[in-house]
Amino acid sequence: MTPRIPTAHRPVRRNLILAVAAAVLAVPLVTVPAEAAPAQPRTGFEISNGARWTSQPEEQSFLATVDRGSDRVSVDRIGTTKQGRPLQLVRIGNHRPSADTMLLICSQHGNEPSGREACLTTIRDLAYAQDRSTRAFLSRTNVLVVPTANPDGRAANTRGNSDGVDINRDHIALQTAEARAMAAVIRDRKPDVIYDLHEYGATPPYYDKDLFVLWPRNLNASDRVHGESQTLAEGYVRPTAKEAGYSSGLYGIWTDPVTGDPIKQTAGDGQERILRNTSGIKHAVGLLIESRVDALTDAEKADPALNSRRRVNSQLAALEGLFTFTDERRGRIEAATAASRAAGFKDRGPIYLGGADNESPQAGQVLQDPPCGYRLTKAQFDDIKDELALHGVTSRPDGGGAYVPLRQSARNLIPLLLDERATYHLTNGQADTTC
Ligand SMILES: [Zn+2]
């Protein structure tokens, strides 16, 4: 089932260009007194036409200019890295509680810079847009952006942070400042959609598309959230990228270069500590997107800037699909995420400690009749209470320790944190099966 974007409905920024063109044509004989349009900043990447990535001082100056120049933007510090760099959240929109919330997480891996560049120019373009369709979109959508999710890794051009920790394997343990900041944003802002921008290294001819995408495969994501995530990938992001001339496929799946049939899976499993999967467990429609780093054409091999521009432009094309998805399906997205947030209070259904949407869980990995809660000793609770709070898990005092009931919004997450059978559990809680 692959819904298509109606041809009459073009993505937001293309509407912007058309609206501006129409406005100009409508007043051919009048000299419009120029309202002093605020000067729009450009990134280092744009200024150099892709010859270099935007530096972090340039990013700070760029964001400060956007923050000053647009009354619909605010830039907040949400944490500090070990090396003292700011972790920042940019908010664009009217911040109405009723609006849908979209969260872009850009370049969690510091050596994958193109997502960050796409995020920075997207922030500016949304901040300064005056056309009706973009303003209408922003009146109904809170756009949140973490433009540099791993500032120390970006500074050093490394995948991990300054401790060498892969932030995108830390969304359960929450040991890094970076993952903790993101967890707090997810808890407090309750995004309906989380979009995670990465890059990958190609293995031609089996694995070399311009873009790869993947939804949450973890089985604890609700069916509707999982379904909307697949629709985002297959009905919007991939078709929009294709229309812009970019090839795409599913992250982690090698395909036969002649038939296109899948050959093997090398990545993209259901493990809960990857943001793509954590997003689904935390009720958000989620998508991972990966642009190809490698230059495969002679022209790109001869011109690194051309290679860099293709990487960033492919990310921008895919983002158009994300915006169209959010605009067209907001009712269904809201219904899916609201139902997922409420489902835990019914405290029904199995919880999965393994498996994925394309891999059956093994025997013993399914809690068919989960416990009604977990008891933690005082020492256990003291050790992980900050992480439970960041995950939005509630508990009540119990003897000297704490009792974590499953009957809450975070129900499907709790055994992943507290059951000794879960691969990435934080502590061994004592399962309460007396219910
Ligand atoms: Zn990555």
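Since this is a predicted model, take the numbers as computed values, not measurements. In listed order, ligands and their atoms are each counted from 1.
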Could you tally the protein N/O/S atoms lying less than 2.8 Å away from the Zn ion (ligand 1)? 4
Quick one: ring-ring contact (aromatic ring centres under 6.0 Å, His included) pairs with a partner in residues 49-69, sequence neighbours left out?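 Sorted result for residues 49-69: Phe45-Trp53.
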Could you go step by step and tell me if Arg273 and Asp170 meet the side-chain contact (heavy atoms from CB on, under 4.5 Å) rule? CA-CA 6 Å; Arg273 61 183 186 161; Asp170 191 37; over 6 Å; no
Report the C-alpha distance between Phe323 and Tyr236 in whole Å, list the side-chain angles of each, state the deciding distance to 0.1 Å, and finish with yes or no for ring-ring contact (aromatic ring centres under 6.0 Å, His included). CA-CA 9 Å; Phe323 286 117; Tyr236 289 85; over 10 Å; no
Is the Tyr207 ring parallel, tilted or perpendicular to the Trp254 ring (thresholds 30°, 60°)?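 Judged by the thresholds at 30° and 60°, the geometry between Tyr207 and Trp254 is parallel.
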Option among Ile167, Leu288, Ile186 that satisfies the side-chain contact (heavy atoms from CB on, under 4.5 Å) test with Leu275: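 Checked Ile167, Leu288, Ile186 against Leu275; only one passes side-chain contact (heavy atoms from CB on, under 4.5 Å): Ile186.
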With no hydrogens and no angle check, do the side chains of Gln315 and Ser291 hold a donor and an acceptor under 3.5 Å apart? yes
